Amino acid sequence: MNPYGYEGPPVFGYETDTPLRRAAFICVHTSPLAALGQQDAGGMNVYVRDLACQLARLGLEVDIFTRRTDLHSPELTLICPGVRVINVTAGPSRPIDKTEIFPFLPDFAAEAALFSLRHGVRYDVIHSHYWLSGWAAHLLRRYWDTPFVQMFHTTAHMKNAVAGSGDREPALRLQIERRLIQLSDSLIAANPAERADLIWRQHTATDKVCTVPPGVDLDLFYPRDRSDARRRLGLEADAQIVLFVGRVDPIKGIDTLLHAVRHLRASSEPLPTVVFVGGELDEQGQPTGALAAIANDAAALGVADRFQFVGSQPQDRLPLFYAAADVVAVPSRYESFGLVAVEAMASGTPVVASSAGGLTFTVEDGVAGLLVPPQQPSALAAALQRVLSDDTLRANLSEGALQCASRFAWPAVATSMLHIYERLAEGHRANLCCDEEIYA
Ligand code: UDP
């Protein structure tokens with residue numbers, strides 16, 4: 001009898017002396033190394049990177065498997081101590097639309113399994129992100145026989161509920177998500193509404209779904225001097241500044257923001273400037289691609305002069321933007337969590353957000369910011385004007401925002417996740433969730 005309780009044969013080159021030693025994250029369609037704020041790279045990439053690095057600090061090594069999109073990038077990249085990003089060749093080694101990835105998932109799973117054989121590593125738990133990765137995790141289980149935790153980030157079901165007629169999700173995604181609900185060993189919901197949706201509308205067993213919100217990096221996002229931030233960003237010292245940060249995607253409600261600014265033009269003096277972070281600029285610094293369409297819409301509505309498009313920014317520059325802003329607008333039609341809102345709050349900047357999805361839990365209405373019904377420009381305009389014109393309200397919300405954001409500090413969030421992995425790696429399928437609910 002060995003002292004650690006492990007009785008089995010060596011697996012892939014080493015004997016486990018603890019049930020939970022290494023995790024595989026599957027993140028097929030986008031890499032934690034991708035430039036943020038463009039195309040599909042946003043909150044999920046940040047979440048995967050930060051969660052992995054926090055888990056590694058708690059002693060769990062993580063390999064993040066992603067699809068290779070470039071012939072020349074290395075197979076392995078260390079992104080923080082204990083965390084490697086692994087490029088897996090499956091399909092063409094160039095960026096392809098995520099709607100084309102599904103047929104390459106069997107290759108992805110086989111190549112990931114070969115990697116683990118070649119390198120002699122064994123994974124005790126798989127955490128898959130988004131439905132495509134969930135399917136890859138299911139296929140990988142055939143090789144690894146490892147329990148897997150699925151996180152949808154958003155489900156097609158919830159996305160379709162707020163989508164315009166042209167943005168509906170394909171039937172395949174709906175179908176696979178339904179299968180993954182049955183096939184996975186545990187599902188992580190980012191907020192209580194998502195958990196309720198999985199249980200009540202999608203008939204998932206209650207003890208399988210745990211609510212673990214994403215965390216926020218409080219070492220990066222904290223209050224900083226506003227005048228200094230404006231000076232460093234070349235923004236006017238005394239302008240009223242509304243900040244938007246996000247991918248250019250219909251779900252972000254950018255149309256609502258444009259119309260809200262048109263309302264403000266009719267009713268408010270002085271007029272705020274909207275600093276818009278996200279999307280692409282061309283070599284002349286002009287909006288291009290999807291961002292050009294937004295700039296055109298702003299011109300058509302007569303508010304182009306109120307928008308300053310600065311393109312996507314590296315995340316370590318965002319604290320300056322949050323500090324420079326009077327208020328951050330998050331007009332999304334839906335957010336699973338809304339990292340931008342929580343980063344703003346952690347920076348002590350009030351938020352005006354849609355009462356949609358996770359935002360209703362992360363932004364406490366009247367305490368950390370104001371919530372408004374989604375897709376209602378006049379309501380958004382009124383709330384922005386209220387915050388911009390009332391110094392006392394802004395100061396109170398700033399205080400409340402800091403307190404609300406502190407609930408999402410990474411150590412607590414990562415510990416909850418670790419608890420779930422530990423239970424699964426030990427072979428449990430019940431009582432997976434941590435009792436200390438962050439939303440309680
Ligand atoms: N982000 C960034 N640079 C940008 C735009 C966004 O670093 O130009 C980051 C931002 O800090 C946040 C994430 O991307 O962590 C966006 O997350 P959110 O949950 O708000 O939106 P999602 O992309 O998940 O829809």
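Values in this document were obtained by computation on a predicted structure and should not be read as measured data. Atoms within a ligand are numbered from 1 in the order they appear, just like the ligands themselves.
Not a single N or O atom of Ser312, backbone or side chain, sits closer than 3.5 Å to an N or O atom of ligand 1. Checking only distances, Gly278 never comes within under 3.5 Å of ligand 1, N or O to N or O. For a threshold of 3.5 Å applied to N or O pairs, the pair formed by Gly43 and ligand 1 contains at least one separation below that value.
Under the 30°/60° scheme for interplanar angles, the aromatic rings of Tyr322 and Phe221 are found to stand perpendicular. The aromatic rings of Phe276 and Phe307 are tilted relative to each other, their planes meeting at an angle between 30° and 60°. Using cut-offs of 30° and 60° for the angle between ring planes, the Tyr123 and Phe65 rings count as perpendicular.
With sequence neighbours excluded, no residue forms a side-chain hydrogen bond (donor to acceptor under 3.5 Å, both in side chains) with Arg262. With sequence neighbours left out, Asp97 forms a side-chain hydrogen bond (donor to acceptor under 3.5 Å, both in side chains) with Thr99.
Only the side chain of Val46 comes within 4.0 Å of ligand 1, counting heavy atoms alone; its backbone N, CA, C and O stay farther away. Contact annotation for Leu318 and ligand 1: only side-chain heavy atoms (C-beta onward) come within less than 4.0 Å of the ligand. Within the 4.0 Å heavy-atom criterion, the part of Arg247 lying near ligand 1 is the side chain and not the backbone. By the criterion of a heavy-atom distance under 4.0 Å, the side chain of Glu343, and not its backbone, is placed next to ligand 1.
Numbered from 1 in the order shown, with element, the atoms of ligand 1 that lie under 4.0 Å from a heavy atom of Gln315 read 7 (O), 11 (O), 15 (O). In summary, the atoms of ligand 1 found under 4.0 Å from a heavy atom of Val277, numbered by their order in the structure, are 8 (O). Near Gly42, meaning under 4.0 Å from any of its heavy atoms, are these atoms of ligand 1: 13 (C), 14 (O), 16 (C), 23 (O).
Within 6.0 Å of CZ on Arg57 lie no more than 12 heavy atoms contributed by other residues, nucleotides or ligands. More than 12 heavy-atom neighbours from other residues, nucleotides or ligands sit within 6.0 angstrom of CD on Glu111.
If you look at Phe337 and Tyr47, their ring centroids are not closer than 6.0 Å.
Taking each of Val245, Val248, Leu339 in turn, the one with a heavy atom nearest to atom 6 (C) of ligand 1 proves to be Val245.
At least one heavy atom of Lys252 sits less than 4.0 Å from an atom of ligand 1.
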